[in-house]
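Chain A is the first sequence line, chain B the second, and so forth, proteins listed ahead of strands; every chain is numbered from 1. Computed from a predicted structure; not experimentally measured.
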Amino acid sequence: MRLLPSPSAVRDRVCRHPVVAGLVIGVLLLVGVVAWVLDRNARARGHRREAEAALAVYEFERARDELRAYLDVYSDDAEAQFWLAQACRRARVEEFAQARTQLDAAARWGWPKSAVTRERALLAFQSQEGGARSEPPTRLLADPTAERALVMEALARGCIRAARLDDAQAWLDRWVAAEPNDWYARLWRGALLHYMDQPFKAVADYEYVLQVKPDRAEARRGLGLTLVECGFDYPRALRLLEDYDHGHPNDPDVQVGVARCRQVLGEPAARDLLQEVVATHPDHPDALLALALDAADRRDYADALNWLRRLEPWSTAPPDEESLERLLRLEPTASSGSTPTRLMTVYHLTGNAFRQAGRDGDAESFERRLRQLESDVDELRAAQSEHARNPGDVAVWRRLADLYPRVGMRIDGQYWQFRVQQATRRGPKQ
Amino acid sequence: MKRRQLPSWIALVLVPIVLIAACRKTEPTLDDRAPQIDTPPADANPGPPIFTDVTANCGIAFTYRNGEEADQLTILESLGGGVALIDYDQDGLLDIFVTGGGYFAGVDGKEIRGHPNRLYKNLGGWKFKDVTAEVGLPTEGTFYSHGVAVGDYDNDGWPDLLVTGYGRLALYRNDHGRFTDVTESVGLRDQRPLHWSTGAAWADLDGDGRADLFICHYVDWSFANHPPCPGGIGPRHVDVCSPTRFRPLAQQLFLSNANGTFRDATEAAGIKPGKGLGVVIVDVDHDGRPDIYVANDAYDNHLYLNRGGGHFEEVGLSRGVALSEQGVSAGSMGVDAADYDGSGHFSLFVTNFQQEPHDLYQNDGRGQFRHASRRAGITALGLNFVGFGTGFIDYDRDGAEDLFISNGHAYRYPSPPATLAQKAVLLHNPARQPGGLSEVRFQNVSEQAGEYFRSVHRGRGVAFGDLDNDGRVDMVVSHCNEPVAILRNVDTTPNHWLGVRLVGQPYRDAVGAELTLEVGGRKLTRAIKGGGGYLSANDSRVMFGLGSAPRADRLTVRWPSGRVQTWDGSALGADRYVHLREGEPGVAHHDR
């Protein structure tokens, strides 16, 4: 039995009734167009709902994509334009130019001026468009219509971008104090503390995040790495980092963290993994240090000295801009202590390796360097205390300018040298 | 980029399909899954315990008190106290002496006073009796006490007691079981304005046949130097200060005179100031002279090589035992030495503050050391502990030195996840195969070790010794403001053992003697050590685990005098204690 007429029969009927045929085709086209429009709008509304859901859980990249899809259809939605501007600003990889464009659009389509002005202020500070010394728009915290958490997040991120880490920590502390159950605030503070070589405190924040948001990969990464730094629980750190590594391979810090855990737990695969990291990141300080320790463990002191020689220049290297960018992406680099501490480790291990290798003269040279460094660190501490008591004393600035480079902190030395020169030109402030 | 739109009729057909497809549950991505990473392992049956806590029924109810109820938050409160196992009446059973600590009195709460110390006589059958008064020891606190060291300073065969603390120390001479305070008369009264003695150790350091004394001192804290120190979670946001806030004190070396008194030889001997807590005396370079190793808190640890004639050379840095592996001074507390790797050389172990691995320094035989904590599985314990009392003990008599660590925080308000009370740790040393340097990796057996190890304590000093002479090493642990714990070794491993008591001539205690037991193709090297642990004094007898061997083949003793004697295994027997006297070939048995 035939269900459909043959093509020739259809053609015959169309030719016989052209008006009816035209009407039928027209109706079909109309139905198709209506269906397409309905479908497009329904999908757009779905994107908006998805965006709202993503914003609620601080998934700004997803929110941004959903809002863009929504705005393809409803480009006149001022609220969505505003949300997109915020999502672009708050995303892990911030899109400040795009945020500005969207804010303009939001204003154009009638979004309240006060909200747009506030958001512009946050955007300006977070992006540091006014330079590293720009003042934070703290007045917004007194604005009853402003969302305080949003303001403190922007202030903290702006301070991080300007490398004003103590200020950033102060804002994050205020944010956590104001919103103690906000896991997102804890995630930011954990990342900053991790970066600032305070893993002990960072662990508590990361633990909190994982309790309430066990699916947050950044928290798993951060907790794994800080657990290694603190040495609290190597088996758990290893599980966290291996789990993260499966979903986000080739993160050198995570790979080094995995290797360090394996070293401590006596698993032999550590060396291979470290060598893989060094093959792609030849200057990774923690990988070089772990390889030196591994070589010393094997009593291969020549190999240990080789890794330590490669490590020494990196012990005094200041954190690069990339490390701040990584912090802003909530992927802080693994910390390996302060510069003087890293130098002490290198001198000590090098001295030990030379002793074990029977090269006592070389060992003594490194032991002397270690003793000198310890003495310089003590002097620096004393100068820092003196500076805290007399912040305007140029003689103390001079001591700081002299002492910082001696403990490997050249940038800080240059800063104090610059201040001394300025003061000398102007005459000292008393 | 503008997306290409589908023709509407296709949309009409596809929409329902897509919707149906969209209704299907998607497979979770890795990030969507609830992590399966932190599930604690199911409780396994821990099996029979290794140690049982017998404190409740043994007649000892004693607590070291640090005076923290006055809320002064002084660093004085952080040290805690120690324990000595001493057979004071020479009845063959180890008795227990515990220091009492102190408190703060006066109108302003700044008078530092002592709680009494106690001596408990071992009655046998795990029963003890307080004999403090009847043996002539003070029953009232005389000063704020910390540590205790046992040594027969006058070579009369009766072990004497030295008690350290804040403000003064006390030497109690033992005369046939009766004690007399002889501190003043022997010249140990400290004339300096600030005295804070901690760990102490006896040994004949100048080779004259008489016991000399090394005393650790801590820092220059007093109420006149008591800054407020910020603390994380305390009610006033202040806490006990770190020792880095204070200056080190001079350590003291007293050499004995022929008339039974002591002279302060600290400067002449080349002893440096430090923030000393633990001290062990053992010959690390096999030159026949006992060397001194001092665990300093937040300060370089010191290794004094004995150059003879009462002269010492501090070589901690060049020998690799001054610093942590990170090249910084660790907060070191307890210390011990042992041939844990079967190499025949004495390695050093130091317990440290949190976030610092305990340091195991492996002796390479040339008196040079290398960090072995990571390789030996010590670092794998985690860095959450603040370690105090410690000691190498062969708890299962397999011939390999195991390791115990008592833990508890030094601060009153440690920031989480660190805790005030912490679990003690027992590490098992897997018996090594004969031949060559062994890369020992300790196994953490704390969870199987007994109920005491599964609960948290504010652990401080610990003393090891065989309290019931059954060949199994027991221990007594002192805690801060928590009763002392008597832990009986009930390990059921069917291994044999041999206990040795050495009596030197003329120096009876024979600290520095090196004992090498050949058994089943292995050589076990032990020493009579001075000091060791934390503020405590262990059983002076040496315990050898023989494993499954029914008896030893040979025992060689190198006495501090330089004399070397050998005893055949058949004369020594097994599963009993023997007394060996310098210069005498015979063996006196002390069967249990």
S.K.: What part of A/Ala296 is in contact with chain B, defined as an atom under 4.5 angstrom from a non-hydrogen atom: side chain, backbone, both or neither?
M.R.: backbone

S.K.: Mark yes or no for whether A/Glu61, through its side chain, and A/Arg92, through its backbone, hold a donor-acceptor pair below 3.5 Å.
M.R.: yes

S.K.: Considering only heavy atoms, which portion of A/Leu370 lies under 4.5 Å from any heavy atom of chain B: side chain, backbone, both, or neither?
M.R.: side chain

S.K.: Does the B/Tyr293 side chain pair with the main chain of B/Val321, one donor and one acceptor, at a distance under 3.5 Å?
M.R.: yes

S.K.: Which atoms of A/Asn352 are under 4.5 Å from chain B, going by heavy atoms: the side chain, the backbone, both sets, or neither?
M.R.: side chain

S.K.: Do B/His302 and B/Tyr304 have their ring centres less than 6.0 Å from each other?
M.R.: yes

S.K.: At a 4.5 Å cut-off on heavy atoms, which part of B/Arg366 comes close to chain A: side chain, backbone, both, or neither?
M.R.: side chain

S.K.: Under 4.0 Å between a side-chain nitrogen and a carboxylate oxygen: does that hold for A/Glu364 and A/Arg359?
M.R.: no

S.K.: Please determine whether a side-chain nitrogen of the Lys or Arg among B/Glu439 and B/Arg374 lies less than 4.0 Å from a carboxylate oxygen of the Asp or Glu.
M.R.: no

S.K.: What residue, out of A/Met344, A/Gln263, A/Arg371, has the most heavy-atom pairs lying under 4.5 Å from chain B?
M.R.: A/Arg371

S.K.: If I measure from the heavy atoms of chain A, does B/Ser373 come under 4.5 Å with its side chain, its backbone, both, or neither?
M.R.: neither

S.K.: Less than 4.5 Å to any heavy atom of chain B: does that hold for the side chain of A/Glu242, its backbone, both, or neither?
M.R.: neither

S.K.: Could you check which of B/Ala418, B/Pro357, B/Ala380 has the highest count of heavy-atom pairs closer than 4.5 Å to chain A?
M.R.: B/Ala380

S.K.: Should the pair A/Arg355-A/Glu367 be classified as a salt bridge under the 4.0 Å nitrogen-to-oxygen rule?
M.R.: yes

S.K.: Can we say B/Asp220 and B/Arg247 salt-bridge, meaning some charged N sits less than 4.0 Å from an Asp/Glu carboxylate O?
M.R.: yes

S.K.: For the pair B/Lys423 (side chain) and B/Ser446 (backbone), establish whether a donor and an acceptor sit closer than 3.5 Å, ignoring hydrogens and angles.
M.R.: no

S.K.: When you measure from the side chain of A/Ser385 to the backbone of A/Arg381, do you find a donor-acceptor pair of N or O atoms at a distance under 3.5 Å?
M.R.: yes

S.K.: Relative to chain B, which segment of A/Phe354 carries a heavy atom at a distance below 4.5 Å: side chain, backbone, both, or neither?
M.R.: neither

S.K.: Using a 4.5 angstrom heavy-atom cutoff, name the option from A/Leu349, A/Leu293, A/Val346 with the most pairs to chain B.
M.R.: A/Leu293

S.K.: Can you tell me which portion of B/Phe369 sits under 4.5 Å from chain A's heavy atoms? Options are side chain, backbone, both or neither.
M.R.: backbone

S.K.: If we define contacts as heavy-atom pairs under 4.5 Å, which of B/Gly320, B/Gly382, B/Ala372, B/Pro416 has the most with chain A?
M.R.: B/Gly382

S.K.: Less than 4.5 Å to any heavy atom of chain A: does that hold for the side chain of B/Glu325, its backbone, both, or neither?
M.R.: both

S.K.: Check each atom of A/Phe232 against the heavy atoms of chain B and say whether the ones under 4.5 Å are side chain, backbone, both or neither.
M.R.: both

